[in-house]
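So the structure is just underneath, and the comments pick up after that.
Numbering of residues begins at 1 and proceeds along the displayed sequence.
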Amino acid sequence: MIRLLYFSQSTDVISDEQVRNIMESSRRNNPAIGITGVLVHGGGLFMQVLEGPEQAALRMYVKILDDQRHKNSQIIYITPTDKRIFVGWSMGVIARNDAVEFEQIMELRSQRRKEVVQSKVFTDAMRGFLKILNDGQRC
């Protein structure tokens with residue numbers, strides 16, 4: 001099993017309806033292929049964590065690359081894992097309005113510029129996202 005984190009930029013303003021469609025599709029299809037994770041969006045950015053069987057997660061990422069709603073996708077972190085962080089979340093969603101609210105994401109991006117994302121920085125960010133999801137602060 002792997003955990004993969006990527007960033008991308010939206011090509012246009014993404015509506016709430018488009019996000020709902022993404023989430024409905026994810027929640028309908030992900031359980032069958034063993035994918036869990038979270039989508040964070042806002043301020044023209046997307047960040048998504050996919051966790052699941054290696055081939056399924058990589059195939060999902062390749063499929064996501066073809067989505068015309070975003071561009072400049074970059075894998076920020078990928079790691080093998082034997083334990084899911086987003087257990088029970090076929091795909092959670094977190095909406096953020098501006099860069100200030102993307103503080104954890106920006107920290108991961110700055111770590112990426114150093115060529116190595118520190119494991120603790122990544123894990124802390126994932127735990128923060130899980131807390132937000134579990135506290136009900138989602139679309």
Side-chain angles (χ1 to χ4, degrees):
M1 191 164 67
I2 64 169
R3 186 172 299 115
L4 180 151
L5 165 70
Y6 76 88
F7 288 104
S8 64
Q9 296 172 307
S10 61
T11 52
D12 291 310
V13 175
I14 301 298
S15 70
D16 290 342
E17 182 179 350
Q18 287 173 307
V19 171
R20 273 192 301 279
N21 290 340
I22 292 168
M23 298 317 299
E24 287 171 4
S25 175
S26 296
R27 290 174 178 158
R28 183 176 54 250
N29 298 319
N30 288 355
I33 57 174
I35 298 291
T36 55
V38 62
L39 173 69
V40 182
H41 69 94
L45 296 174
F46 286 106
M47 189 272 339
Q48 188 169 25
V49 177
L50 302 171
E51 48 184 22
E54 182 175 0
Q55 292 300 313
L58 293 174
R59 281 189 195 108
M60 179 63 66
Y61 179 68
V62 169
K63 181 179 176 183
I64 289 167
L65 289 175
D66 290 334
D67 190 322
Q68 299 299 306
R69 292 172 287 200
H70 69 121
K71 62 184 178 182
N72 301 327
S73 182
Q74 299 175 10
I75 293 177
I76 301 300
Y77 194 84
I78 187 168
T79 187
T81 184
D82 58 357
K83 186 175 181 182
R84 294 177 189 268
I85 292 175
F86 299 100
V87 174
W89 288 97
S90 59
M91 191 54 58
V93 64
I94 300 172
R96 290 293 178 244
N97 296 321
D98 58 40
V100 172
E101 292 184 288
F102 274 82
E103 184 177 323
Q104 291 173 314
I105 296 170
M106 295 308 172
E107 175 67 16
L108 288 169
R109 286 184 105 175
S110 70
Q111 289 284 315
R112 175 69 170 104
R113 288 188 195 110
K114 297 175 187 173
E115 298 301 320
V116 175
V117 175
Q118 298 297 315
S119 175
K120 182 178 181 341
V121 172
F122 178 77
T123 302
D124 288 349
M126 296 306 101
R127 287 184 180 140
F129 296 141
L130 182 61
K131 181 175 179 357
I132 291 168
L133 290 172
N134 288 338
D135 288 348
Q137 299 177 11
R138 54 192 158 101
C139 294

Inset, instruction - State which residues pass side chain to side chain contact (heavy atoms under 4.5 Å, CB included) with Glu17; sequence neighbours excluded, sorted by chain then number. - result: Ser15, Arg20, Asn21
Legend entry - Working for side-chain contact (heavy atoms from CB on, under 4.5 Å), residues Leu65 and Ser73: CA-CA 7 Å; Leu65 289 175; Ser73 182; 3.6 Å; yes
Legend entry - Pairs flagged by salt bridge (Lys or Arg N to Asp or Glu O under 4.0 Å) wherever residues 28-46 is involved - sequence neighbours left out: none
Inset, instruction - Could I get the full list of salt bridge (charged side-chain N to carboxylate O under 4.0 Å, His left out) partners for Arg84, not counting sequence neighbours? - result: none
Inset, instruction - Could you go through the side-chain contact (heavy atoms from CB on, under 4.5 Å) check for Val93 and Val19 one step at a time? - result: CA-CA 9 Å; Val93 64; Val19 171; 3.9 Å; yes
Inset, instruction - Apply side-chain contact (heavy atoms from CB on, under 4.5 Å) to Asn30 and Thr36, showing your working. - result: CA-CA 7 Å; Asn30 288 355; Thr36 55; over 6 Å; no
Legend entry - Interatomic distance, Gln68 atom CD to Asp12 atom CG [nearest 0.5 angstrom]: 10.5 Å
Legend entry - Validation row: Leu5, Ile78 side chains within 4.5 angstrom (heavy atoms): no
Inset, instruction - Treat each ILVMFWY residue as a node, draw an edge where side-chain heavy atoms are under 4.5 Å apart, and state whether Met1 and Ile35 are in one component. - result: no
Legend entry - His41 side-chain N/O to Gln48 backbone N/O, donor-acceptor pair under 3.5 Å: no
Inset, instruction - Walk me through it: do Leu58 and Leu4 pass the test side-chain contact (heavy atoms from CB on, under 4.5 Å)? - result: CA-CA 8 Å; Leu58 293 174; Leu4 180 151; 4.0 Å; yes
Inset, instruction - Would you name the heavy atoms of Pro53 and Ile33 that are closest together and state the gap between them? - result: CD-O, 3.7 Å
Inset, instruction - Please round to the nearest 0.5 Å and tell me the distance separating atom OG of Ser26 and atom CE of Met91. - result: 5.0 Å
Inset, instruction - Could you list all the salt bridge (Lys or Arg N to Asp or Glu O under 4.0 Å) pairs where at least one residue sits in residues 50-59, not counting sequence neighbours? - result: Arg3-Glu51
Inset, instruction - For Tyr61, check ring-ring contact (aromatic ring centres under 6.0 Å, His included) against everything at least two apart and list the hits. - result: Tyr6
Legend entry - Pairwise salt bridge (Lys or Arg N to Asp or Glu O under 4.0 Å) hits with a residue in residues 60-71, at least two apart: Asp67-Arg69
Inset, instruction - Would you give the length of the straight line joining atom CD of Gln55 to atom CD1 of Ile2, rounded to the nearest 0.5 angstrom? - result: 8.5 Å
Inset, instruction - Taking the side chain as every heavy atom from C-beta outward, state whether Leu39 and Phe46 have any pair of such atoms under 4.5 Å apart. - result: yes
